[in-house]
Engineer: 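What follows is a structure written as structure tokens; I'll ask about it next.
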Amino acid sequence: MMKINKIYRRKMIPDEYTLLKDDIIVFQDDTILVTKWDTIRHKTAFSHGSSCYFLNEGFKVSKFYREDNSLLAWYCDIAEYKLDFEENSLTMTDLLADVVVYPDGGIKIMDLDELADAMEQNLITSHQMTACLRSLNRLLSIIYQNQFGTLQEKLNQLGL
């Protein structure tokens, strides 16, 4: 297993490529990478969190915390992952579709309009679009089958 020591986040809208230099890698194995972090830019809704990158599933599950350490929500990004063995890095490309799971059990699917815009503007390949939709479907199936706890497990075990 490669030891990842750098994480990059690539966004399509807006076009950004960011080294997540302040994220702390807490755990990693062949299938997941766990980080804890503070927001890059100040936000009023939340200030810090933790993330579990599911490297074989095409999504990342994050816990968003308010400044008082209360849980705001679980935020799930649909993503594409690329490992760079020379740099020991991981690049996460945000495939735009997101799912938010609130502490009261509410669910919100977000940014499908941005996904459509990316397709129209040729910012996303057909392969990425297909992977995005399959990963989104897999994530929603887990949530709707009341199995979301399996995706929360590692962060909870680590006390994050």
Engineer: Same hydrophobic cluster for M12 and M92, using side-chain heavy-atom links shorter than 4.5 Å among ILVMFWY?
Structural biologist: no
Engineer: Starting at CG of D94, measure out to SG of C132 and round the result to the nearest 0.5 Å.
Structural biologist: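 If we round to the nearest 0.5 Å, D94:CG and C132:SG are 9.0 Å apart.
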Engineer: Using modelled atom types and a 3.5 Å cut-off, is there a donor and acceptor pairing between side-chain atoms of R9 and backbone atoms of Y17?
Structural biologist: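 Such a contact is absent between R9 side chain and Y17 backbone.
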Engineer: What pairs with A131 under side chain to side chain contact (heavy atoms under 4.5 Å, CB included), at least two apart in sequence or on another chain?
Structural biologist: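 A131 satisfies side chain to side chain contact (heavy atoms under 4.5 Å, CB included) with no residue once adjacent residues are dropped.
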Engineer: How long is the span from the CG atom in N5 to the OG atom in S89, to the nearest 0.5 Å?
Structural biologist: 7.5 Å
Engineer: Y65: what forms a ring pair (Phe, Tyr, Trp, His ring centres under 6.0 Å) with it, not counting sequence neighbours?
Structural biologist: H48
Engineer: So which heavy atom on S50 is nearest to which on L155, and how close?
Structural biologist: OG-CD2, 3.8 Å
Engineer: To the nearest 0.5 Å, what is the distance between OG1 (T91) and CG (D84)?
Structural biologist: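 Atom-to-atom, T91:OG1 and D84:CG are 7.0 Å apart.
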Engineer: Going by salt bridge (Lys or Arg N to Asp or Glu O under 4.0 Å), name the pairs with one or both residues in residues 51-60, residues two or more places apart or in two chains.
Structural biologist: E57-R138, K60-D77
Engineer: Between D22 and D38, is a side chain to side chain contact (heavy atoms under 4.5 Å, CB included) present by the stated rule, with each step listed?
Structural biologist: CA-CA 8 Å; D22 296 325; D38 290 324; over 6 Å; no
Engineer: Measure the CD-CG distance between E67 and L72 for me, rounded to the nearest 0.5 Å.
Structural biologist: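 If I round to the nearest 0.5 Å, the distance is 12.5 Å.
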Engineer: Please test L90 against L83 for side chain to side chain contact (heavy atoms under 4.5 Å, CB included), starting from the C-alpha separation and ending with a verdict.
Structural biologist: CA-CA 5 Å; L90 172 72; L83 294 170; 3.6 Å; yes
Engineer: With the 4.5 Å side-chain cut-off for hydrophobic clustering, are I78 and I124 part of the same group?
Structural biologist: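 I78 and I124: one cluster.
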Engineer: Considering non-hydrogen atoms only, spot the tightest contact between V34 and C52 and give its length.
Structural biologist: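 Looking at all heavy atoms of both residues, the closest pair is CG2-SG, 4.0 Å.
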Engineer: Out of curiosity, S135 OG to L140 CG, how far, rounded to the nearest 0.5 Å?
Structural biologist: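 With rounding to 0.5 Å, OG (S135) is 11.0 Å from CG (L140).
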Engineer: Honestly curious: do L95 and L20 fall in one hydrophobic cluster under the side-chain, below-4.5 Å linking rule?
Structural biologist: no
Engineer: When you look at K3 and N88, which way does the side chain to side chain contact (heavy atoms under 4.5 Å, CB included) test go after all the steps?
Structural biologist: CA-CA 6 Å; K3 182 164 173 38; N88 290 338; 5.7 Å; no
Engineer: Hydrophobic cluster membership, with links at side-chain heavy-atom distances under 4.5 Å among I/L/V/M/F/W/Y: are F27 and L151 in one?
Structural biologist: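 Yes, one cluster joins them.
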Engineer: Nearest 0.5 Å, what's the CZ-CD1 distance between F54 and I142?
Structural biologist: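 Output value for this atom pair is 8.0 Å.
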Engineer: Just to verify, what does R10 make a salt bridge (Lys or Arg N to Asp or Glu O under 4.0 Å) with, not counting sequence neighbours?
Structural biologist: none
Engineer: Taking side chain to side chain contact (heavy atoms under 4.5 Å, CB included) as the definition, give me every residue that meets it alongside L19, ordered by chain and number, with sequence neighbours left out.
Structural biologist: K6, Y8, K21
Engineer: If a pair satisfies ring pair (Phe, Tyr, Trp, His ring centres under 6.0 Å) and one of its residues is in residues 137-160, list it, with sequence neighbours excluded.
Structural biologist: W74-F148
Engineer: Any salt bridge (Lys or Arg N to Asp or Glu O under 4.0 Å) involving residues 144-160? Give me the pairs, sequence neighbours left out, ordered by first then second residue.
Structural biologist: none
Engineer: Membership question, hydrophobic clusters at under 4.5 Å side-chain separation (ILVMFWY): are Y81 and V26 in the same one?
Structural biologist: no
Engineer: Considering residues at least two apart in sequence or located in another chain, which fulfil the side chain to side chain donor-acceptor pair (under 3.5 Å) criterion with T18?
Structural biologist: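 Side chain to side chain donor-acceptor pair (under 3.5 Å) check on T18 returns nothing, list empty.
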Engineer: Got a list of side-chain donor-acceptor pairs under 3.5 Å for residues 96-121, not counting sequence neighbours?
Structural biologist:
{"unit_1": "D98", "atom_1": "OD2", "unit_2": "Y75", "atom_2": "OH", "d": "3.0"}
{"unit_1": "D104", "atom_1": "OD1", "unit_2": "G106", "atom_2": "N", "d": "2.8"}

Engineer: Checking T130 now: which residues fulfil side chain to side chain contact (heavy atoms under 4.5 Å, CB included) with it, not counting sequence neighbours?
Structural biologist: R134
Engineer: Listed by chain and number, what are the side chain to side chain contact (heavy atoms under 4.5 Å, CB included) partners of T125, not counting sequence neighbours?
Structural biologist: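 For T125 the side chain to side chain contact (heavy atoms under 4.5 Å, CB included) partners, ignoring immediate neighbours, are H127, Q128.
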Engineer: In chain order, what residues pass the salt bridge (Lys or Arg N to Asp or Glu O under 4.0 Å) check against E80, with sequence neighbours excluded?
Structural biologist: none
Engineer: Tell me whether K36 contacts the main-chain N or O of L160 through its side chain, where contact means a donor paired with an acceptor under 3.5 Å.
Structural biologist: no
